[in-house]
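The first residue of the sequence shown is numbered 1, and numbering continues consecutively from there.
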Amino acid sequence: VVPGTITANTFQVSATVNGAAVNTSGSQSGTHTGHGTAVTKDSIIADCVSVTVANRGFYVYGSNNKCKILNCVIEGNSTTTYGVNVNAANASGSANNIEHLLVSGCTARSCTTNAFVFGDNCFYCTFLGCTVFASGNTGFSIEVANAGVPQYCSIIGCIVNAATVNGYLLNGSFYCSISDSLAIVCGVGVNISAASSVQYCTVSNTKVIAATGNGIDVAGNSVRCDLE
């Protein structure tokens, strides 16, 4: 329903949220079907433990606004791919948004892929004070998974110990930041990736210790990224 069009007897509809009204005047035929979009709001998951699951410890999917995951633990094994995977995960890469999600005080151990991920269409989301031990790929990432660009997301005060490929990864992200964080014995400490252009991102007050590859790697197609 288009905002501002509802009267006592009529209203207008649009094909997208806040989109233009669909013209329904004149002769019509066939079946007209409308689907609402469910949005999870103001929900909290706290003090929970996920042990040796076969895929993701915690999966935030679809449209979400102002939700929180607090003080949770993911104990992985050889089948645990992700610790906390946050991804709107729609086929078109544009239908769902995840906004203002806070993941704070969480720990992930022994994940085979990425321990903490902000993916497609994540906006203003934050990893705060989280810790990774022994990731088979990357500790923390803010990256395009399919088509939706993550924007204005932050990694603050986090620690990665022993991630095989990257401690921290920015890939295809805009206006994102990593600050006050630490990478210990990772492949690359901080990777601003060449796979998809990273734009207007910042890495500040972040320390890399004993990386087996580059400490901080900034790809050639990055646009106005700052190291402070």
Side-chain angles (χ1 to χ4, degrees), residues 1-6 11 13-19 33-76 79-108 111 113-132 138-158 169-178:
V1 177
V2 178
T5 66
I6 300 174
F11 61 86
V13 296
S14 62
T16 59
V17 177
N18 295 324
T33 304
H35 298 280
T37 301
V39 179
T40 303
K41 297 181 179 179
D42 301 306
S43 297
I44 298 174
I45 299 172
D47 303 308
C48 294
V49 179
S50 176
V51 179
T52 60
V53 297
N55 198 326
R56 300 166 173 89
F58 295 88
Y59 190 20
V60 183
Y61 175 94
S63 292
N64 291 262
N65 194 321
K66 296 182 180 178
C67 296
K68 298 177 181 179
I69 300 175
L70 307 176
N71 305 319
C72 293
V73 176
I74 302 92
E75 295 283 0
T79 64
T80 306
T81 51
Y82 299 91
V84 177
N85 186 5
V86 182
N87 189 351
N90 32 270
S92 67
S94 61
N96 301 321
N97 293 330
I98 296 174
E99 302 177 7
H100 300 283
L101 176 77
L102 173 64
V103 180
S104 177
C106 296
T107 300
C111 298
T113 308
N114 295 359
F116 292 89
V117 186
F118 288 142
D120 294 348
N121 292 341
C122 289
F123 302 103
Y124 301 100
C125 297
T126 303
F127 291 127
L128 175 65
C130 296
T131 304
V132 174
T138 296
F140 294 85
S141 66
I142 304 174
E143 61 178 312
V144 171
N146 300 297
V149 176
Q151 299 183 48
Y152 302 101
C153 295
S154 302
I155 300 169
I156 303 171
C158 294
L169 172 67
L170 299 178
N171 179 31
S173 47
F174 292 2
Y175 307 103
C176 295
S177 64
I178 302 168

Shortest non-hydrogen contact between Phe123 and Asn97, atoms and distance: CE1-OD1, 3.4 Å

Backbone of Asn55 reached by a side-chain donor or acceptor of Thr81 within 3.5 Å: yes

Atom of Cys158, atom of Gly129 and distance for their closest heavy-atom approach: SG-N, 3.8 Å

Side-chain heavy-atom pair Cys67, Thr40 within 4.5 angstrom cut-off: yes

Exceeds 12 heavy-atom contacts within 6.0 angstrom, atom OH of Tyr124: no

Point-to-point distance, once rounded to the nearest 0.5 Å, from OH of Tyr152 to OH of Tyr175: 5.0 Å

Asn114 side chain reached by Glu143 side chain, heavy atoms, under 4.5 Å: yes

Student check: side-chain heavy atoms of Ser173 and Phe118 closer than 4.5 Å: no

Which atom of Gly62 lies closest to which atom of Asn64, heavy atoms considered: O-ND2, 3.5 Å

Side-chain donor or acceptor of Asp120 paired with backbone N/O of Ala145 under 3.5 Å: yes

Taking every non-hydrogen atom, the tightest pair across Val103 and Cys130: O-SG, 3.4 Å

Spatial distance of atom CG (Leu128) from atom OG (Ser154) [nearest 0.5 Å]: 9.5 Å

Exercise: identify the closest heavy-atom pair between Ile142 and Ser177: CD1-O, 4.5 Å

Qualifying residues under side-chain contact (heavy atoms from CB on, under 4.5 Å), relative to Thr131, sequence neighbours excluded: Thr107, Phe133, Ile159

Rounded distance (nearest 0.5 Å) linking atom NZ of Lys41 with atom CD of Glu99: 9.5 Å

Spatial distance of atom CZ (Phe127) from atom CG (Leu101) [nearest 0.5 Å]: 7.5 Å

Among Cys153, Pro150, Cys125, the one residue meeting side-chain contact (heavy atoms from CB on, under 4.5 Å) with Ile98: Cys125

CG-OH distance between Asn85 and Tyr61, expressed to the nearest 0.5 angstrom: 11.5 Å

Beyond-backbone contact of Phe116 with Cys106, side-chain heavy atoms, under 4.5 angstrom: yes

Minimum side-chain heavy-atom gap Val60-Ile69 below 4.5 Å: yes

Spacing of Lys68 atom NZ and Ser43 atom OG [to the nearest 0.5 Å]: 11.5 Å

Minimum-distance pair of heavy atoms, taken over all atoms of Cys111 and Gly83: SG-N, 3.5 Å

Test applied, side-chain contact (heavy atoms from CB on, under 4.5 Å); reference residue, Ile155; option that passes from Leu169, Thr126, Ile178: Ile178

